[in-house]
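Everything numeric here is computed off the predicted structure, so don't read it as measured data. Note on naming: letters A, B, ... go to the chains in the order of the sequence lines (proteins, then strands), and numbering restarts at 1 for each one.
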There are 2 protein chains.
Amino acid sequence: MQLSLAEENYLKAIYFISGPERNLVNTNAVAERLDTKAATVTDMLRKLKKKGLVSYEPYKGVRLAETGEKLAIGILRKHRLWETFLVEKLSFGWEEVHEIAEQLEHVRSSKLTERLANFLGNPQFDPHGDPIPNKEGVFPRRENLTLDKAEVGDFLLVKGVKDSSVDFLNYVAKLGIRLGDSIEVMGVESFDQSMKLKHEGSVLHLSAMACANIYISRG
Amino acid sequence: MQLSLAEENYLKAIYFISGPERNLVNTNAVAERLDTKAATVTDMLRKLKKKGLVSYEPYKGVRLAETGEKLAIGILRKHRLWETFLVEKLSFGWEEVHEIAEQLEHVRSSKLTERLANFLGNPQFDPHGDPIPNKEGVFPRRENLTLDKAEVGDFLLVKGVKDSSVDFLNYVAKLGIRLGDSIEVMGVESFDQSMKLKHEGSVLHLSAMACANIYISRG
DNA sequence: ATAAATTTTTAGGCAAATCTAAAAATGAAT
DNA sequence: ATTCATTTTTAGATTTGCCTAAAAATTTAT
Ligand SMILES: [Mn+2]
Ligand SMILES: [Mn+2]
Ligand SMILES: [Mn+2]
Ligand SMILES: [Mn+2]
């Protein structure tokens, strides 16, 4: 199946919006995510349906068909591999790579994808801690535990970020927090749930909102 | 200037057809190279002219304007850098990389291009021995001497291939000839100008046609 | 110098992906 | 159960890149 760039982006958008529960996705949600108009989305949904990539009933919503999901995951795999390449091999900052990977993910060559994965040491997670599906589309397991759920006295490892906006990524980088770092919860302010943390020997204060966007694992 | 993929391919096609002498390029030549129709080319030439990227007079021909040439060389730089990456880092064969580089060359990010160049050690020549222009668009010098011009007794170094077709690249690879190898001319058959060569200790026979497509330098 | 062949452009269309504006369906509120 | 608001689709255009067929210009041959 030879997809256009636009079709690939629609599949990926539907994949993300529908989430792990594979919910029905609204036309407007797709339009907003792709920064386009609802009428444009309707056109594309009919096209994707005709190609058998989604199930779509007018006014009801859309969800990925099996083929569509396979393709979406394939594009996601490429996206995250390229992001890893850019950070690990070309020394890009983790806030710079998404935009470039949005282009690279559309390069068609399964041999390239697999050679790249191998060159990178078959990474399981991308620079933001997001799981990279393997060639068969299977994701490595990751606890979806965020820092705000931790308790005083916990010793934790930083596993990823939930919010991958440039602003948040820059903020986390400025704090010196990197994936794999260990953090100890020293206290939680009951007024606003902000946290006092020990990180690399020094003490940090993070808002509840920031904590809710950092993935961690226990010990 | 934000170019479409099609526009970039036209600029590159005109660049190659016009050659180092910057000759006027015919509509049909562009159509043939891009595997499209003359009428389509005419449309695009008017568009590129309006953008100031080419000078074009109906029925006369087209040539790149300064901006157009700069852009074409920039795409060529990316193409050859990606080819180098694929061969050097991902162990692709030199006959496989052109097609993939045709896609990668359109990825827009000057930071990516320069990081990639740096990662590769700022190579001067691509896997086919073709010169890689630097960031300013300046090409490294290469003698355009081919093996068929050499004489008996010459000691030579293989510098590149003139014909980059998959067939020829496979043939040269099968012979075991690689860039940088040294070759000694043992004899030239006066009947058909085929050459008897010493390469890596053994003796090779190459047709005049093959020899005319191998770039060499003297000692 | 004409005629024939070739090249190039023009005319008219088509498919993909987008838009705006209007109509229709759905869902929420009285 | 109507009415109102929101969501979604339809209708009608636009732009880009491509096509075929016909016309026009240029080049080549007689
Ligand atoms: Mn990303
Ligand atoms: Mn990522
Ligand atoms: Mn190439
Ligand atoms: Mn090359």
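- The distance from atom NZ of B/Lys51 to atom P of D/dT15 is 13 Å, rounded to the nearest whole Å.
- Atom CG of B/Leu45 and atom P of C/dT7 are 16 Å apart (whole Å).
- With 3.5 Å as the limit, one finds no donor-acceptor pair spanning the side chains of B/His98 and B/His128.
- Regarding B/Asp35, its CG atom lies at a distance of 8 Å from the P atom of D/dC19, rounded to whole Å.
- The residue among A/Lys37 and A/Pro58 whose nearest nucleotide of DNA chain C is located toward the 5' end is A/Lys37.
- When ring centroids are compared, B/Phe85 and A/Phe85 come within the 6.0 Å threshold.
- Counting only N and O atoms by type, the side chains of B/Asp148 and B/Thr146 include a donor and acceptor under 3.5 Å apart.
- Distances were taken from every side-chain heavy atom of A/Thr42 (C-beta onward) to each of D/dC18, C/dT10, D/dT8; the shortest belongs to D/dT8.
- Where A/Tyr59 and A/Glu7 meet DNA chain C, the nucleotide closest to each residue was compared, and A/Glu7 sits on the side nearer the 5' end.
- Between A/Arg77 and A/Glu105 no salt bridge is recorded (no basic side-chain N to carboxylate O distance below 4.0 Å).
- Regarding B/Arg46, its CZ atom lies at a distance of 9 Å from the C1' atom of C/dT10, rounded to whole Å.
- The nearest whole Å value for the distance from the CG atom in A/Asn28 to the C1' atom in C/dT26 is 13 Å.
- Counting non-hydrogen atoms under 4.0 angstrom, B/Ala6 reaches the backbone sugars and phosphates but no base.
- Checking D/dC18, C/dA25, C/dT9 against every side-chain atom of B/Asp43, the shortest atom distance belongs to D/dC18.
- Rounded to an integer number of Å, the gap from B/Asn26 CG to C/dT9 C1' is 14 Å.
- Regarding B/Glu32, its CD atom lies at a distance of 15 Å from the P atom of C/dT6, rounded to whole Å.
- B/Thr27 comes within 4.0 angstrom of the backbone, heavy atoms only, and of no base.
- Under a 4.0 Å N-O distance rule, the pair B/Glu102/B/Lys12 qualifies as a salt bridge.
- Between A/Leu24 atom CG and D/dT7 atom C1' there is a gap of 15 Å when expressed in whole angstrom units.
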